[in-house]
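Below: the structure, in structure tokens.
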Amino acid sequence: QVQLVESGGGLVQPGGSLRLSCAASGSIFSIDAMGWYRQAPGKERELVATVTSGGSTNYVDSVKGRFTISRDSAKNTVYLQMNSLKPEDTAVYYCKVVGRRRQYRPPVDYWGQGTQVTVSS
């Protein structure tokens with residue numbers, strides 16, 4: 001079994017910063033990619049940022065230049081540094097890990113429980 005534990009959400013004023021963390025633990029052999037998604041009330045879940053095992057990153061246009069995704073492979077942990085936050089960034093943020101429980105097995109998506117980020121004055 002694989003567990004993802006997220007932390008770092010909260011309430012912040014516009015222009016402020018937050019750092020999200022997501023640590024993967026349990027029976028995981030390797031990780032192909034890690035990422036963050038978000039879902040605002042009444043909207044579909046959307047990709048925010050991803051980072052592959054090789055270090056390649058991808059961001060949704062609305063966060064480019066403001067958010068930075070990084071990973072610590074030794075700790076199976078992914079981070080999302082969010083700067084210059086805007087009210088439209090308000091959402092529940094979910095961590096996703098694409099991993100394999102055994103060598104040569106197909107990758108599986110694992111999701112965190114979500115952490116609330118609220119940007120408001």
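FYI, side chains are in, hydrogens and waters are out, and symmetry mates aren't considered; it's all heavy atoms of this structure.
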Checklist outcome for this item: Closest non-hydrogen atoms of I31 and S53, given as atom of the first, atom of the second and distance, are O-CB, 3.5 Å

Checklist entry - Between E6 (side chain) and S21 (backbone), is there a donor-acceptor pair under 3.5 Å? => result no

Next on the checklist: Counting only heavy atoms not in E88 (residues, nucleotides, ligands), do more than 12 fall under 6.0 Å from its CD?
Outcome noted: yes

Checklist entry - If Ile, Leu, Val, Met, Phe, Trp and Tyr residues are connected whenever their side-chain heavy atoms lie under 4.5 Å apart, and connections chain through other members, are W36 and Y79 in the same group? => result no

Checklist entry - Looking at CG of D89 and CE of M82, how far apart are the two atoms once the value is rounded to the nearest 0.5 Å? => result 7.5 Å

Item to check | Shortest non-hydrogen contact between R66 and L85, atoms and distance | outcome: NH1-CA, 3.9 Å

What pairs of donor and acceptor atoms, side-chain ones from residues 12-20 against any protein atom, are under 3.5 angstrom apart with sequence neighbours left out?
{"residue": "S17", "atom": "OG", "partner": "N83", "partner atom": "OD1", "Å": "2.9"}

Next on the checklist: Please report the interatomic distance OH(Y94) to CD(Q39), rounded to the nearest 0.5 Å.
Outcome noted: 5.5 Å

Next on the checklist: If hydrophobic clusters are built by linking Ile, Leu, Val, Met, Phe, Trp and Tyr wherever their side-chain heavy atoms come under 4.5 Å apart, do F67 and V78 end up in the same one?
Outcome noted: yes

Checklist entry - V98, V2: one ILVMFWY side-chain cluster at the under-4.5 Å cut-off? => result no

Next on the checklist: What's the separation between atom OG1 in T90 and atom CG in L11, rounded to the nearest 0.5 Å?
Outcome noted: 8.5 Å

Item to check | Any T68 side-chain heavy atom under 4.5 Å of L80 side chain | outcome: no

Checklist entry - Which pair of non-hydrogen atoms, one from P107 and one from R100, has the smallest distance, and what is that distance? => result CD-NH1, 3.5 Å

Next on the checklist: Evaluate V92 against T115 for side-chain contact (heavy atoms from CB on, under 4.5 Å), listing each step before the verdict.
Outcome noted: CA-CA 5 Å; V92 178; T115 184; 6.0 Å; no

Next on the checklist: Filter on salt bridge (charged side-chain N to carboxylate O under 4.0 Å, His left out), then keep only pairs touching residues 41-57, sequence neighbours left out; what's left?
Outcome noted: R38-E46

Checklist entry - Any donor-acceptor pair under 3.5 Å linking the side chain of R71 with the backbone of T52? => result yes

Checklist entry - Do Q3 and S25 have side-chain heavy atoms sitting under 4.5 Å apart? => result yes

Checklist entry - Going from OH on Y93 to CD on Q116, what distance comes out if it is rounded to the nearest 0.5 angstrom? => result 9.5 Å

Next on the checklist: If I take atom SG from residue C22 and atom OH from residue Y110, how far apart are they, to the nearest 0.5 angstrom?
Outcome noted: 13.5 Å

Checklist entry - Which pair of non-hydrogen atoms, one from Y59 and one from A49, has the smallest distance, and what is that distance? => result CD2-CB, 3.5 Å

Next on the checklist: Which residues pass the ring-ring contact (aromatic ring centres under 6.0 Å, His included) test with Y37, not counting sequence neighbours?
Outcome noted: W111

Checklist entry - If you take all heavy atoms of V97 and M34, which pair is closest and at what distance? => result CG2-CE, 3.7 Å

Checklist entry - Is S120 reaching over with its side chain to a backbone N or O of T118, donor-acceptor style, under 3.5 angstrom? => result no

Checklist entry - Can you name the nearest heavy-atom pair linking G35 to I69, along with the distance? => result CA-CD1, 4.0 Å

Next on the checklist: I need the L4 CG to I28 CD1 distance, nearest 0.5 Å.
Outcome noted: 7.5 Å

Checklist entry - Is there a path from V5 to V117 through hydrophobic residues (I, L, V, M, F, W, Y) whose side chains come within less than 4.5 Å of each other? => result no

